[in-house]
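Since the structure is predicted, the reported quantities are computational estimates derived from the model, not experimental observations.
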Amino acid sequence: MTDTGIEITADLVRDLLQEQHPDLAGLAIREVAGGWGNHMWRLGDELAVRMQRMDPTPEFQLKERRWLPVLAPRLPLPVPTPVRFGEPSERFPKHWTVMTWVPGQPLDHGSISRGAHAADTLAGFLRALHVEAPAEAPIATDRGAHPRKCTDGFENFFQAVAPDDIAADIRAVWDDAVAAPEWAGPPVWVHGDLHPANVVVSDGTLSGIVDFGDLSAGDPAWDLAAAWVLLPAGTASRFFDTYAHADEAAIRRARGLAAVKSLFLMLMGQNGDRGLPGGKPNWGPVGRAALDRVLKGV
(Lines give C-alpha, C1' and ligand atoms only; values in the text may rest on other atoms or scores of the structure.)
Protein backbone atom coordinates (compact mmCIF):
# COMPACT_ATOMS: atom_id res chain seq x y z
CA MET A 1 0.00 0.00 0.00
CA THR A 2 1.03 3.62 -0.51
CA ASP A 3 0.41 6.48 1.91
CA THR A 4 -2.61 7.29 -0.28
CA GLY A 5 -4.11 3.84 0.37
CA ILE A 6 -3.53 2.59 -3.18
CA GLU A 7 -2.33 -1.00 -3.45
CA ILE A 8 0.52 -1.40 -5.92
CA THR A 9 0.01 -4.58 -7.94
CA ALA A 10 1.40 -6.03 -11.14
CA ASP A 11 -1.87 -5.15 -12.84
CA LEU A 12 -1.52 -1.52 -11.77
CA VAL A 13 2.06 -1.39 -13.05
CA ARG A 14 0.97 -2.87 -16.39
CA ASP A 15 -1.96 -0.45 -16.67
CA LEU A 16 0.33 2.52 -16.06
CA LEU A 17 2.79 1.29 -18.64
CA GLN A 18 -0.03 0.80 -21.12
CA GLU A 19 -1.15 4.39 -20.54
CA GLN A 20 2.24 6.11 -20.66
CA HIS A 21 4.77 3.71 -22.21
CA PRO A 22 2.74 1.12 -24.15
CA ASP A 23 5.79 -0.30 -25.94
CA LEU A 24 6.95 -1.69 -22.56
CA ALA A 25 3.59 -3.02 -21.36
CA GLY A 26 4.09 -6.48 -22.84
CA LEU A 27 7.21 -7.27 -20.80
CA ALA A 28 7.01 -9.65 -17.85
CA ILE A 29 6.39 -7.94 -14.50
CA ARG A 30 7.65 -9.46 -11.24
CA GLU A 31 7.54 -7.99 -7.75
CA VAL A 32 10.84 -7.31 -5.97
CA ALA A 33 10.68 -7.95 -2.23
CA GLY A 34 11.72 -5.20 0.15
CA GLY A 35 11.69 -1.44 -0.14
CA TRP A 36 9.73 1.08 1.87
CA GLY A 37 9.85 4.53 0.32
CA ASN A 38 9.63 2.94 -3.12
CA HIS A 39 8.30 -0.35 -4.43
CA MET A 40 10.32 -2.11 -7.13
CA TRP A 41 9.06 -4.34 -9.93
CA ARG A 42 11.20 -6.21 -12.46
CA LEU A 43 10.24 -5.37 -16.02
CA GLY A 44 11.54 -7.99 -18.39
CA ASP A 45 15.17 -8.97 -17.85
CA GLU A 46 16.89 -5.61 -18.11
CA LEU A 47 14.53 -3.03 -16.57
CA ALA A 48 12.72 -2.23 -13.33
CA VAL A 49 9.84 0.05 -12.36
CA ARG A 50 10.44 2.15 -9.26
CA MET A 51 7.07 3.14 -7.77
CA GLN A 52 6.88 5.95 -5.24
CA ARG A 53 5.20 4.39 -2.22
CA MET A 54 5.71 5.90 1.27
CA ASP A 55 8.01 8.79 0.31
CA PRO A 56 5.92 11.90 1.02
CA THR A 57 7.39 13.87 -1.89
CA PRO A 58 8.77 12.94 -5.32
CA GLU A 59 12.09 14.60 -4.44
CA PHE A 60 14.07 11.37 -4.30
CA GLN A 61 12.90 10.00 -7.64
CA LEU A 62 13.27 13.37 -9.35
CA LYS A 63 16.80 13.61 -8.01
CA GLU A 64 17.69 10.21 -9.46
CA ARG A 65 16.14 11.18 -12.80
CA ARG A 66 18.21 14.37 -12.93
CA TRP A 67 21.60 13.15 -11.78
CA LEU A 68 22.06 9.42 -12.35
CA PRO A 69 22.38 9.80 -16.13
CA VAL A 70 25.17 12.31 -15.44
CA LEU A 71 27.03 10.15 -12.92
CA ALA A 72 26.50 6.62 -14.26
CA PRO A 73 28.88 6.79 -17.25
CA ARG A 74 31.92 7.41 -15.05
CA LEU A 75 31.12 4.98 -12.22
CA PRO A 76 32.92 1.62 -12.31
CA LEU A 77 29.96 -0.41 -11.01
CA PRO A 78 26.46 -0.74 -12.47
CA VAL A 79 23.90 1.67 -11.02
CA PRO A 80 20.20 2.01 -11.92
CA THR A 81 19.80 4.55 -14.69
CA PRO A 82 16.42 6.10 -15.56
CA VAL A 83 15.21 5.37 -19.08
CA ARG A 84 11.52 6.38 -18.94
CA PHE A 85 9.51 8.69 -16.69
CA GLY A 86 6.06 7.90 -15.30
CA GLU A 87 4.05 10.92 -14.25
CA PRO A 88 1.25 11.16 -11.65
CA SER A 89 -2.19 10.39 -13.01
CA GLU A 90 -5.72 9.76 -11.80
CA ARG A 91 -4.90 6.05 -11.65
CA PHE A 92 -1.75 6.58 -9.55
CA PRO A 93 -1.12 10.09 -8.16
CA LYS A 94 2.62 9.58 -7.58
CA HIS A 95 5.79 9.44 -9.65
CA TRP A 96 7.26 6.25 -11.03
CA THR A 97 10.37 5.63 -13.09
CA VAL A 98 11.54 2.88 -15.42
CA MET A 99 15.22 2.20 -14.72
CA THR A 100 17.89 -0.23 -15.74
CA TRP A 101 18.01 -3.34 -13.56
CA VAL A 102 21.22 -3.96 -11.60
CA PRO A 103 21.72 -7.75 -11.44
CA GLY A 104 22.87 -9.42 -8.25
CA GLN A 105 21.60 -10.19 -4.77
CA PRO A 106 21.12 -7.49 -2.12
CA LEU A 107 23.83 -7.82 0.49
CA ASP A 108 21.28 -8.06 3.32
CA HIS A 109 20.28 -11.38 1.74
CA GLY A 110 23.74 -12.34 0.53
CA SER A 111 27.34 -12.25 1.66
CA ILE A 112 30.84 -11.18 0.68
CA SER A 113 33.41 -13.97 0.60
CA ARG A 114 36.07 -12.14 -1.42
CA GLY A 115 36.76 -9.42 1.12
CA ALA A 116 39.90 -7.95 -0.42
CA HIS A 117 38.27 -7.74 -3.85
CA ALA A 118 35.17 -6.11 -2.36
CA ALA A 119 37.30 -3.58 -0.45
CA ASP A 120 39.15 -2.61 -3.62
CA THR A 121 35.90 -2.48 -5.61
CA LEU A 122 34.13 -0.25 -3.09
CA ALA A 123 37.16 2.04 -2.82
CA GLY A 124 37.35 2.38 -6.59
CA PHE A 125 33.66 3.15 -6.84
CA LEU A 126 33.80 5.84 -4.15
CA ARG A 127 36.92 7.43 -5.61
CA ALA A 128 35.03 7.80 -8.88
CA LEU A 129 31.90 9.13 -7.16
CA HIS A 130 33.60 11.50 -4.73
CA VAL A 131 34.42 14.34 -7.10
CA GLU A 132 33.48 17.96 -6.57
CA ALA A 133 29.75 18.37 -7.09
CA PRO A 134 28.43 21.23 -9.24
CA ALA A 135 26.87 24.28 -7.64
CA GLU A 136 23.37 23.11 -8.57
CA ALA A 137 23.77 19.72 -6.86
CA PRO A 138 21.31 18.96 -4.04
CA ILE A 139 22.55 19.71 -0.54
CA ALA A 140 21.41 17.37 2.22
CA THR A 141 20.35 18.79 5.56
CA ASP A 142 21.43 15.65 7.40
CA ARG A 143 23.29 13.01 5.36
CA GLY A 144 26.44 14.61 4.06
CA ALA A 145 26.79 16.93 7.05
CA HIS A 146 29.27 16.78 9.96
CA PRO A 147 28.36 14.20 12.63
CA ARG A 148 27.80 16.95 15.18
CA LYS A 149 24.66 17.88 13.27
CA CYS A 150 23.31 14.36 13.72
CA THR A 151 23.52 14.00 17.50
CA ASP A 152 19.74 13.68 17.93
CA GLY A 153 19.62 10.74 15.56
CA PHE A 154 22.52 9.07 17.32
CA GLU A 155 20.90 9.50 20.72
CA ASN A 156 17.60 8.06 19.51
CA PHE A 157 19.23 4.96 18.06
CA PHE A 158 21.65 4.63 20.99
CA GLN A 159 18.91 4.74 23.62
CA ALA A 160 16.77 2.28 21.66
CA VAL A 161 19.22 -0.52 20.89
CA ALA A 162 22.77 0.02 22.22
CA PRO A 163 23.80 -3.08 24.20
CA ASP A 164 24.68 -2.16 27.80
CA ASP A 165 28.00 -4.01 27.77
CA ILE A 166 29.40 -1.95 24.88
CA ALA A 167 27.45 1.30 25.30
CA ALA A 168 30.44 3.22 26.63
CA ASP A 169 32.60 2.07 23.71
CA ILE A 170 29.95 3.11 21.19
CA ARG A 171 29.63 6.54 22.75
CA ALA A 172 33.41 6.99 22.74
CA VAL A 173 33.51 6.31 18.98
CA TRP A 174 30.68 8.77 18.41
CA ASP A 175 32.17 11.48 20.61
CA ASP A 176 35.46 11.15 18.73
CA ALA A 177 33.64 11.61 15.42
CA VAL A 178 31.84 14.70 16.70
CA ALA A 179 35.17 16.15 17.86
CA ALA A 180 36.90 15.47 14.52
CA PRO A 181 37.65 18.44 12.23
CA GLU A 182 35.17 19.17 9.48
CA TRP A 183 35.65 18.20 5.85
CA ALA A 184 37.93 20.89 4.47
CA GLY A 185 37.48 20.19 0.78
CA PRO A 186 34.69 21.19 -1.59
CA PRO A 187 31.38 19.31 -1.27
CA VAL A 188 31.64 16.09 -3.25
CA TRP A 189 28.99 13.73 -4.58
CA VAL A 190 27.86 11.43 -1.76
CA HIS A 191 25.54 8.43 -2.09
CA GLY A 192 24.52 8.97 1.53
CA ASP A 193 22.76 5.67 2.22
CA LEU A 194 25.22 2.82 1.74
CA HIS A 195 23.84 -0.05 3.77
CA PRO A 196 23.43 -3.77 2.96
CA ALA A 197 20.07 -3.40 1.18
CA ASN A 198 21.44 -0.73 -1.16
CA VAL A 199 24.31 -2.71 -2.65
CA VAL A 200 24.20 -5.94 -4.62
CA VAL A 201 26.68 -8.78 -4.66
CA SER A 202 27.54 -11.64 -6.96
CA ASP A 203 30.42 -14.12 -7.05
CA GLY A 204 31.27 -13.19 -3.46
CA THR A 205 31.95 -9.50 -4.06
CA LEU A 206 30.24 -6.18 -4.70
CA SER A 207 28.69 -5.96 -8.15
CA GLY A 208 26.41 -2.90 -8.07
CA ILE A 209 25.10 0.07 -6.08
CA VAL A 210 21.41 1.03 -5.96
CA ASP A 211 19.00 3.56 -4.41
CA PHE A 212 20.46 7.01 -4.95
CA GLY A 213 17.51 8.84 -3.40
CA ASP A 214 19.79 10.43 -0.78
CA LEU A 215 22.38 11.57 -3.32
CA SER A 216 23.77 14.96 -2.32
CA ALA A 217 26.86 17.14 -2.15
CA GLY A 218 28.67 16.90 1.16
CA ASP A 219 31.23 15.14 3.33
CA PRO A 220 32.58 11.88 1.82
CA ALA A 221 32.80 10.40 5.34
CA TRP A 222 29.13 9.45 4.99
CA ASP A 223 30.08 6.93 2.32
CA LEU A 224 33.41 5.95 3.85
CA ALA A 225 31.43 4.54 6.77
CA ALA A 226 30.66 1.66 4.43
CA ALA A 227 34.14 0.31 5.18
CA TRP A 228 32.61 -1.11 8.38
CA VAL A 229 28.94 -1.32 7.46
CA LEU A 230 29.41 -3.35 4.24
CA LEU A 231 32.83 -4.99 4.22
CA PRO A 232 33.89 -8.12 6.12
CA ALA A 233 35.98 -7.85 9.28
CA GLY A 234 39.62 -7.05 8.72
CA THR A 235 39.23 -5.30 5.35
CA ALA A 236 38.63 -1.68 6.39
CA SER A 237 42.33 -0.82 6.40
CA ARG A 238 42.75 -2.20 2.88
CA PHE A 239 39.73 -0.15 1.78
CA PHE A 240 41.22 3.09 3.12
CA ASP A 241 44.63 2.30 1.63
CA THR A 242 43.05 1.79 -1.80
CA TYR A 243 40.75 4.81 -1.49
CA ALA A 244 43.86 6.84 -0.55
CA HIS A 245 42.07 10.18 -0.06
CA ALA A 246 40.81 9.90 3.53
CA ASP A 247 42.82 11.71 6.20
CA GLU A 248 42.64 10.87 9.91
CA ALA A 249 39.75 13.27 10.52
CA ALA A 250 37.68 11.73 7.71
CA ILE A 251 38.26 8.25 9.09
CA ARG A 252 37.20 9.39 12.58
CA ARG A 253 34.01 10.93 11.20
CA ALA A 254 33.35 7.87 9.06
CA ARG A 255 33.76 5.50 12.00
CA GLY A 256 31.26 7.45 14.08
CA LEU A 257 28.80 7.53 11.21
CA ALA A 258 29.28 3.78 10.78
CA ALA A 259 28.26 3.38 14.43
CA VAL A 260 25.06 5.34 13.74
CA LYS A 261 24.28 3.29 10.66
CA SER A 262 24.90 0.05 12.58
CA LEU A 263 22.53 1.13 15.35
CA PHE A 264 19.94 2.05 12.72
CA LEU A 265 20.16 -1.43 11.20
CA MET A 266 19.76 -2.93 14.67
CA LEU A 267 16.70 -0.76 15.33
CA MET A 268 15.13 -1.79 12.03
CA GLY A 269 15.79 -5.39 13.01
CA GLN A 270 14.14 -4.83 16.39
CA ASN A 271 11.14 -3.24 14.69
CA GLY A 272 10.90 -6.25 12.41
CA ASP A 273 11.00 -8.64 15.35
CA ARG A 274 8.12 -6.68 16.87
CA GLY A 275 6.12 -6.72 13.64
CA LEU A 276 6.22 -2.95 13.21
CA PRO A 277 5.70 -1.39 9.75
CA GLY A 278 8.94 -1.12 7.79
CA GLY A 279 10.82 -3.39 10.16
CA LYS A 280 13.45 -5.78 8.75
CA PRO A 281 14.07 -8.77 11.04
CA ASN A 282 17.20 -9.84 9.16
CA TRP A 283 18.82 -6.43 9.62
CA GLY A 284 19.36 -6.89 13.36
CA PRO A 285 22.22 -9.41 13.14
CA VAL A 286 23.69 -7.49 10.18
CA GLY A 287 23.76 -4.29 12.25
CA ARG A 288 25.28 -5.96 15.28
CA ALA A 289 28.04 -7.53 13.18
CA ALA A 290 28.77 -4.12 11.63
CA LEU A 291 28.87 -2.53 15.09
CA ASP A 292 31.40 -5.11 16.25
CA ARG A 293 33.60 -4.20 13.27
CA VAL A 294 33.26 -0.49 14.11
CA LEU A 295 34.44 -1.04 17.66
CA LYS A 296 37.49 -2.96 16.48
CA GLY A 297 38.65 0.08 14.51
CA VAL A 298 40.44 0.18 11.17
Side-chain angles (χ1 to χ4, degrees), residues 34-38 54-56 60 106-109 140-180 182-183 190-199 210-216 218-233 236 249-298:
W36 177 248
N38 293 280
M54 302 307 294
D55 286 341
F60 304 111
L107 180 56
D108 62 331
H109 291 283
T141 56
D142 49 5
R143 303 177 197 221
H146 192 280
R148 73 170 63 95
K149 296 183 180 180
C150 309
T151 53
D152 288 347
F154 169 80
E155 289 297 336
N156 290 338
F157 298 150
F158 181 84
Q159 296 299 330
V161 295
D164 291 339
D165 59 328
I166 57 173
D169 295 331
I170 298 170
R171 186 169 292 281
V173 169
W174 177 251
D175 289 345
D176 184 58
V178 170
E182 293 194 14
W183 168 244
V190 176
H191 179 284
D193 198 23
L194 290 177
H195 62 68
N198 286 344
V199 301
V210 300
D211 195 345
F212 283 75
D214 286 302
L215 182 72
S216 66
D219 180 355
W222 277 85
D223 289 346
L224 301 180
W228 296 277
V229 177
L230 300 180
L231 298 176
I251 294 174
R252 291 166 60 192
R253 296 193 307 275
R255 190 176 174 216
L257 292 167
V260 174
K261 291 171 181 279
S262 300
L263 292 172
F264 164 74
L265 293 171
M266 292 170 64
L267 180 59
M268 292 292 285
Q270 178 177 281
N271 289 346
D273 292 338
R274 295 175 176 175
L276 298 177
K280 307 285 186 181
N282 61 312
W283 285 16
V286 171
R288 179 55 199 262
L291 187 58
D292 288 342
R293 296 192 291 268
V294 170
L295 297 182
K296 290 177 181 177
V298 179

Query - With His195 via ring-ring contact (aromatic ring centres under 6.0 Å, His included) - residues at least two apart - result: Trp283

Query - Pro196 versus Val286, closest heavy-atom pair with distance - result: CG-CG1, 3.5 Å

**Report entry** Taking every non-hydrogen atom, the tightest pair across Leu107 and Leu230
**Finding:** CD2-O, 3.7 Å

Query raised in the report: Within a strict 4.5 Å, meaning less than it, do heavy atoms of the Leu194 and Val199 side chains meet?
Result: yes

Query raised in the report: Hey, what do you get for CG (Leu215) to CG (Asp193), rounding to the nearest 0.5 Å?
Result: 11.0 Å

Report task. Keeping to residues at least two apart or across chains, list the salt bridge (Lys or Arg N to Asp or Glu O under 4.0 Å) pairs with something in residues 289-298. Result -> Arg288-Asp292

Report summary line: Closest non-hydrogen contact found for Val229 with Ser262 is CG2-OG, 4.4 Å

Query raised in the report: Leu295 and Val173: side-chain contact (heavy atoms from CB on, under 4.5 Å), yes or no, with the steps?
Result: CA-CA 8 Å; Leu295 297 182; Val173 169; 4.0 Å; yes

Report task. Report the C-alpha separation of Asp214 and His191 in whole Å, then their side-chain angles, then the decisive distance to 0.1 Å, and conclude whether the side-chain contact (heavy atoms from CB on, under 4.5 Å) test is met. Result -> CA-CA 6 Å; Asp214 286 302; His191 179 284; 5.9 Å; no

Query raised in the report: Met268 versus Phe157: any side-chain heavy-atom pair under 4.5 Å?
Result: no

**Report entry** Member of Arg148, Arg253, His146 meeting the side-chain hydrogen bond (donor to acceptor under 3.5 Å, both in side chains) criterion with Glu182
**Finding:** Arg148

Query - Minimum side-chain heavy-atom gap Asp219-Val190 below 4.5 Å - result: no

Query raised in the report: Of all heavy-atom pairs between Ala225 and Ala254, which one has the smallest distance, and what is that distance?
Result: CB-O, 3.4 Å

Query raised in the report: Taking only residues at least two apart or on different chains, which pairs with a member in residues 162-177 satisfy side chain to side chain donor-acceptor pair (under 3.5 Å)?
Result: Glu155-Arg171, Asp176-Arg252

**Report entry** Atom pair CG (Leu291) and CG (Leu263), whose distance is rounded to the nearest 0.5 Å
**Finding:** 5.5 Å

Requested in this report: Measure across Gly256 and Ala177 and return the closest heavy-atom pair with its distance rounded to 0.1 Å.
Outcome: CA-CB, 3.6 Å

Query raised in the report: Counting distance only, does the side-chain N/O of Asp223 pair as donor-acceptor with the main-chain N or O of Gly192 below 3.5 Å?
Result: yes

Report summary line: What one should report as the nearest heavy-atom pair of Leu267 and Ala160 is CD1-CB, 3.9 Å

